[in-house]
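Notes to accompany the following structure.
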Amino acid sequence: MHLSDRVNALAESETIAMAKKARELTAQGHNIIKLNFGEPDFPTPQHIKDGAKKAIDDNFSFYTPVAGIPELRKAIAEKLNKENGLNWKAENIVVSTGAKQSIANALMCLLNKGDEVIVFSPYWVSYSEIIKLSEGTTVLIHGTLENGFKVTASQLKDAITPRTKAVLYSSPANPTGAVFSKTELESFAEVLKDYPNIYVIADEIYEYINFTGEHFSIGSIPYIHDRTITINGFSKGYAMTGWRIGYMAGATWFANACDKLQGQITSATCSITQKAALTAITTSNEPSLEMARQYQRRRDMVLELLKEITGLKLYVPDGAFYVFPDVSNYFGKSYKDYHIKNSDDLAMYLLNEAHIALVQGSAFGADNCVRISYAASDEDLKEAIRRLKTGLEKLQ
Ligand code: PMP
Ligand code: GLU
């Protein structure tokens, strides 16, 4: 084994690891209900698929420019101007093989060894590992369940050091579903006003799954606009996870750097996918809104059912499709050979004994919690929560 220190230091994505375990148990014949993976259960809307089919028939099968086809970059820029108050043009957009790649592009283009990135925790599992790959250092600030898992401006201020290079968060957030309001984001921007060398990476991949009725982009605040890198994509809002397409929007010099980096690693994403995304972004948003209404209805149903499990501590998530209850009441309890010390033990116990796949909170910087994705059918959700209740009640 002659692996690099870089890859040896890298942890496996725990969301993906849990998906693997759940698939293995399913293959062995177990009936596992999977509420672990963060992806829409809806198929991609028909008109988007038709856009892709047409691209295939038109032989749109060649390499495209690395940063994406001009008409897609232009359509994304128009969307960002219209919906998000971001004053970007096509040249400011770099299309990639997913928001994950755009985050990696951004961090690799931004960080030097030892640069600090302030990450709002609980945080999406890949942030800290991509920061590590980019030789940066993650500085976590923690939101509490009582505050809907949202950090405050004073926490942000206290975390800033001379090495701080960037602030990274998602809103709506994975794994908590927390949504920062305009006022909250303005308070962060107010703090950053005094630090012109700190960049903001705003991951807005769950933009269309927001139950508050208001999505605010921090980059629309004029004095922070040029140093905000906005990340978004099509995976969640348009149910296009497998198509692999996302994008970043930022200052021209920064977009050019991402274009250069991507040009040496993956080049452009799939040409057919880009045409599908162009169809998605230039047609009615109604299918996305309808999916969001379904998620909201399921959130309400799931919360009602979870309330019956008295050991859980709950809050109301405002977006995405996750709920992240505190399960620490079950720590120190046992069933047969299972001794639950932390969220990893609990997730493994629930997988093996109750046959439900969730993700341990430790993957997201919050070991007291587990993440439940409610991007699943009503039937599966009801049965999974019944199993969860029975499984938790067995722990003594
Ligand atoms: N950011 C967050 C917060 C996510 O949950 C995900 C999940 N996939 C991504 C980025 C990556 O999305 P994509 O499928 O576009 O790479
Ligand atoms: N983002 C999703 C999740 O959090 C998909 C898996 C991944 O890309 O990590 O589960």
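Both counts, for ligands and for their atoms, begin at 1 and track the order of listing. In what follows, every heavy atom counts, from backbone to side chain, and hydrogens, waters and symmetry copies are set aside. Note that this is a predicted model, so its numbers are computed, not measured.
- Here Glu39 has no heavy atoms under 4.0 Å from ligand 1, in either its backbone or its side chain.
- Summary of contacts: the protein heavy atom closest to atom 8 (N) of ligand 1 is Lys236 NZ, 2.9 Å.
- Contact annotation: the side chain of Lys389 approaches that of Glu393 to within less than 4.5 Å [non-hydrogen atoms, C-beta and beyond].
- For ligand 2, the atoms closer than 4.0 angstrom to any heavy atom of Lys100 are 7 (C), 8 (O), 9 (O).
- Looking only at protein heavy atoms, the nearest one to atom 9 (C) of ligand 1 is Trp124 CH2, 3.4 Å.
- Between the side chains of Glu24 and Gln28, no donor N or O sits under 3.5 Å from an acceptor N or O.
- Contact analysis leaves Gly233 out of contact with ligand 1, as no non-hydrogen atom separation drops below 4.0 angstrom.
- A salt bridge links Lys275 to Glu71: at least one charged side-chain nitrogen sits closer than 4.0 Å to a carboxylate oxygen.
- Within a 6.0 Å sphere centred on NZ of Lys89, other residues, nucleotides and ligands contribute 12 heavy atoms or fewer.
- For atom 6 (C) of ligand 2, the closest non-hydrogen atom of the protein is Phe37 CE1, 3.2 Å.
- Close N/O approach between Tyr322 and ligand 1 is not found [any backbone or side-chain N/O within under 3.5 Å].
- At least one N or O atom of Asn174, backbone or side chain, sits closer than 3.5 Å to an N or O atom of ligand 2.
- For Arg297 and Gln294, the side-chain atoms include at least one donor-acceptor pair closer than 3.5 Å.
- Looking from atom 16 (O) of ligand 1 to the surrounding protein, the closest heavy atom is Arg244 NH2, 2.8 Å.
- Between Phe42 and Tyr295, the ring center distance clears the sub-6.0 Å criterion.
- Nearest non-hydrogen protein atom to atom 1 (N) of ligand 1 is Asp203 OD2, 2.6 Å.
- Remark: of the listed residues Leu140, Val139, Thr138, Leu140 is the sole one forming a side-chain contact (heavy atoms from CB on, under 4.5 Å) with Ser121.
- In the model, Asn210 has a side-chain atom that pairs as donor or acceptor with a side-chain atom of Thr212 under 3.5 Å.
- Between the NE2 atom of His142 and the CG atom of Asn147 there is a distance of 14.5 Å, given to the nearest 0.5 Å.
- From the protein, the heavy atom lying nearest to atom 1 (N) of ligand 2 is Trp124 NE1, 3.3 Å.
- Note on Lys150 versus Glu184: salt bridge recorded, some NZ/NE/NH1/NH2 to OD/OE distance being below 4.0 Å.
- When only interatomic distances are considered, the shortest N/O to N/O separation between Gly38 and ligand 2 falls below 3.5 Å.
- Taking distance alone, with nitrogen or oxygen atoms compared against 3.5 Å, Thr97 stays at or beyond that limit from ligand 1.
- Only side-chain heavy atoms of Arg371 come within less than 4.0 Å of ligand 2; its backbone N, CA, C and O stay farther off.
- Remark: side-chain polar atoms of Lys165 are not paired, donor with acceptor, to backbone N or O of Gly114 under 3.5 angstrom.
- Which parts of ligand 2 touch Thr15 is read off a 4.0 Å heavy-atom cut-off, strictly below it: atoms 3 (C), 4 (O), 6 (C), 7 (C), 9 (O), 10 (O).
- Among all non-hydrogen protein atoms, the one lying nearest atom 12 (O) of ligand 1 is Ala99 CB, 3.7 Å.
- Ligand 1 has Gly98 within reach: a non-hydrogen atom of the residue lies less than 4.0 Å from it.
- Of all atoms in ligand 2, numbered sequentially from 1 with element shown, those under 4.0 Å from a heavy atom of Lys236 are 1 (N), 2 (C).
- The 12-atom threshold is not exceeded at CD of Gln264, counting heavy atoms of other residues, nucleotides or ligands nearer than 6.0 Å.
- Remark: ligand 2 and Ser126 share no N or O pair separated by less than 3.5 Å (distance only, no angle test).
- Close N/O approach between Thr241 and ligand 1 is not found [any backbone or side-chain N/O within under 3.5 Å].
- Contact check on Glu14 versus Arg371 returns no salt bridge, with no Lys/Arg side-chain nitrogen under 4.0 Å from an Asp/Glu carboxylate oxygen.
- At a cut-off of 3.5 Å, with distance as the only test, a side-chain donor of Tyr322 or Tyr206 sits close to an acceptor on the other residue.
- Residue Tyr206 has at least one heavy-atom neighbour below 4.0 Å for each of these atoms of ligand 1: 3 (C), 4 (C), 5 (O).
- Close approach of ligand 1 to Asn174 is summarised as follows: ligand atoms under 4.0 Å from at least one heavy atom of the residue are 3 (C), 4 (C), 5 (O).
- Geometrically, ligand 1 and Ser235 share a nitrogen or oxygen pair separated by less than 3.5 Å.
- In Gln101, neither the side chain nor the backbone holds a heavy atom less than 4.0 Å from any atom of ligand 1.
- A side-chain donor from one of Lys34 and Thr26 sits under 3.5 Å from a side-chain acceptor of the other.
- At a 4.0 Å heavy-atom cut-off, ligand 2 does not touch Glu39 at all.
- In Phe234, neither the side chain nor the backbone holds a heavy atom less than 4.0 Å from any atom of ligand 1.
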